[in-house]
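Okay, structure first, notes after.
As the structure lists them, so they are numbered: ligands from 1, and atoms in each ligand from 1. Any value given below was found using the heavy atoms of this structure, including those in side chains, with hydrogens, waters and symmetry copies removed.
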Amino acid sequence: MERSLTMELVRVTEAAALKSARWMGRGKKEEADDAATTAMRAVFDTIPMQGTVVIGEGEMDEAPMLYIGEQLGTGNGPGVDVAVDPLEGTSIVANGSWNALSVIAIADKGTLLHAPDMYMDKIAVGPQAVGKIDINASTLENLQAVAKAKHKAVEDVVVTVLDRPRHQKLIEEIREAGARIKLISNGDVAGAINTAFDETGVDILMGIGGAPEGVIAAAALKCLGGEMQGKLVPTNKEEADRCAKMGIVDINKVLYMNDFCSGDDAIFAATGVTDGELLKGVQFKGTEATTETVVMRAKSGTVRFIDGTHSLQKKPDLVIK
Ligand code: VTB
Ligand code: MG
Ligand code: MG
C-alpha cells in the first residue's frame, strides 16, 4: 500500500465527521448517518486506489452506497480492502453524547476479515497487555492478567462495557473482581481504541458489540500494537448459516489478530464527531470548523493526530471536490 493513502483517508473521515456533526443532538440518527455516508462516498472518488468495500453499510440491495463489494477510488493505484463505518455511533450523534467517530480502515487486498453483520463477543487491550488476554478465560483471570501486565491492582483497572441487558452477568463479574467500569451507550470502536492510549484511563474493552465494528477496531489495534480477540455470536439460524459459509463451523472459534487482518499492513483513520476521551468532536465556529483525527499505519507504527481547521467560506458544503 502507498503510504500517501494515509493522508487521503484523513480527508475522508474529516468530511464525514463534518457533515454528520451538523446533526448533533437533533434526534435524527438516520439523517446523521446519511450525511456521513454521502460525504465519505464523495471523497473516495478522488483517491488513487482500487478499493473494494468488505465492511460497509450493508449488502448492495439494502445500501445505496458503500455497500459490501462496491468499488471505490479512481481505479488507479493499489488494490485494497476497505472497511468503513461513516458514523460509528448514530444514536450518539442524535443524542449529542460521547465518542461518535467517523472511521475507515484499509489493508492489502484480501487481508481483512469479511465479518457478517451480526454480534461479536470481544476483548481488547493496548500494547502493554498483548499476549496476556484470553477470551475463553474467566473475567477475573483476564482482569488479573491486565492488572499484572500494567503493574497495578485489579481495583485500578477500568473496563469499558456497552450498557446492554446482555452484559448483566459480565458486569457482575467485573464488579466482583473489584475492577472499575465505564458503561457506554454505544461506540465500542472508540472503546477498543482507547485501551491503547494511556491518557484515556481505560485498560480493556469487554463484551458483545457489532462484528463489523470488531474488524475496524482490530485494524486500529494492529496499527497501535494492541490486541483484540473475538467470537461471532449468531442469534438465529440465518446468522449461523452465514458463519458456516465463511468457514466458521465451530461457533466457539476464536478470531485472533491475524484472522481480522492477515497482512502486515493496515491504515486506519478516525475523526471525532462528538467529544471523546481521545478525540474532540467537530466544532463550528462561524467561519470555520475544527476537527481532530487520529491516523496510523501498521507497517511503520506511526500514529499521528491531525487538527483540521476547515474554512466554511471556501468550502460551504464542507466537502472539497
Ligand atoms: C456496538 C456499538 C455501536 O452497535 O457495536 C453496537 O459500539 C452493538 O449493537 O456503536 P446493539 O446496539 O444492538 O447492542 C452500535 O451501537 C452501532 O453500530
Ligand atoms: Mg454505521
Ligand atoms: Mg457502527
Side-chain angles (χ1 to χ4, degrees), residues 12-13 15-17 19-21 23 28-41 53-59 62-68 70 82-105 115-124 159-168 170-171 182-195 202 204-221 228 230-236 239 255 260 268-274 276-279 281:
V12 175
T13 55
K19 280 292 196 181
S20 54
W23 291 95
K28 300 211 154 105
K29 59 181 197 169
E30 260 126 56
E31 283 82 347
D33 202 18
D34 208 53
T37 308
T38 306
M40 192 175 255
R41 183 69 191 77
V53 178
V54 299
I55 300 282
E57 295 299 283
E59 310 293 336
E62 65 195 35
M65 53 191 150
L66 299 178
Y67 55 83
I68 294 158
E70 186 174 346
V82 181
V84 294
D85 202 344
L87 182 52
E88 157 59 356
T90 54
S91 15
I92 299 179
V93 170
N95 297 329
S97 183
W98 293 81
N99 269 317
L101 299 175
S102 174
V103 288
I104 170 168
D117 193 3
M118 65 176 71
Y119 283 127
M120 177 182 281
D121 194 10
K122 313 173 193 178
I123 181 167
V159 191
T160 300
V161 180
L162 273 167
D163 191 3
R164 296 289 185 279
R166 63 175 178 266
H167 291 148
Q168 199 191 327
L170 173 65
I171 290 167
K182 182 171 260 193
L183 285 175
I184 56 170
S185 66
N186 292 96
D188 69 349
V189 173
I193 296 171
N194 286 348
T195 64
V202 168
I204 178 168
L205 169 94
M206 297 177 98
I208 295 171
E213 280 86 354
V215 177
I216 292 175
L221 287 169
M228 169 175 277
K231 278 196 219 179
L232 288 168
V233 185
T235 51
N236 54 42
E239 291 183 354
L255 299 164
F260 286 112
F268 172 92
T271 301
V273 182
T274 61
E277 293 88 348
L278 191 65
L279 298 167

Using heavy atoms and a strict 4.0 Å limit, residues surrounding ligand 1 turn out to be E88, Y119, L162, R164, R166, N186, G187, D188, G209, G210, E213
Would you call E57 and R41 a salt bridge, using N to O less than 4.0 angstrom?
no
Could you pull out all residues at least two apart from V54 that satisfy side chain to side chain contact (heavy atoms under 4.5 Å, CB included)?
D81, L112, H114
Side chains of T13 and T271: donor-acceptor distance under 3.5 Å anywhere?
yes
Can you tell which of T160, V159, I184 makes a side-chain contact (heavy atoms from CB on, under 4.5 Å) with V202?
T160
With 2.8 Å as the threshold, which protein atoms of type N, O or S lie near the Mg ion (ligand 3)? Leave waters out.
D85 OD2, E88 OE1, E213 OE2
Short question: side chain of N95, backbone of S91 - any donor-acceptor pair under 3.5 Å?
yes
Determine yes or no for a side-chain-to-main-chain donor-acceptor pair under 3.5 angstrom, with H167 supplying the side chain and V161 the backbone.
no
Is it the case that over 12 heavy atoms from other parts of the model lie below 6.0 angstrom from the NZ atom of K231?
yes
Not counting sequence neighbours, which residues clear side chain to side chain donor-acceptor pair (under 3.5 Å) with T195? List them please.
none
Between the side chain of T274 and the main-chain N/O of A100, is any donor-acceptor distance below 3.5 Å?
yes
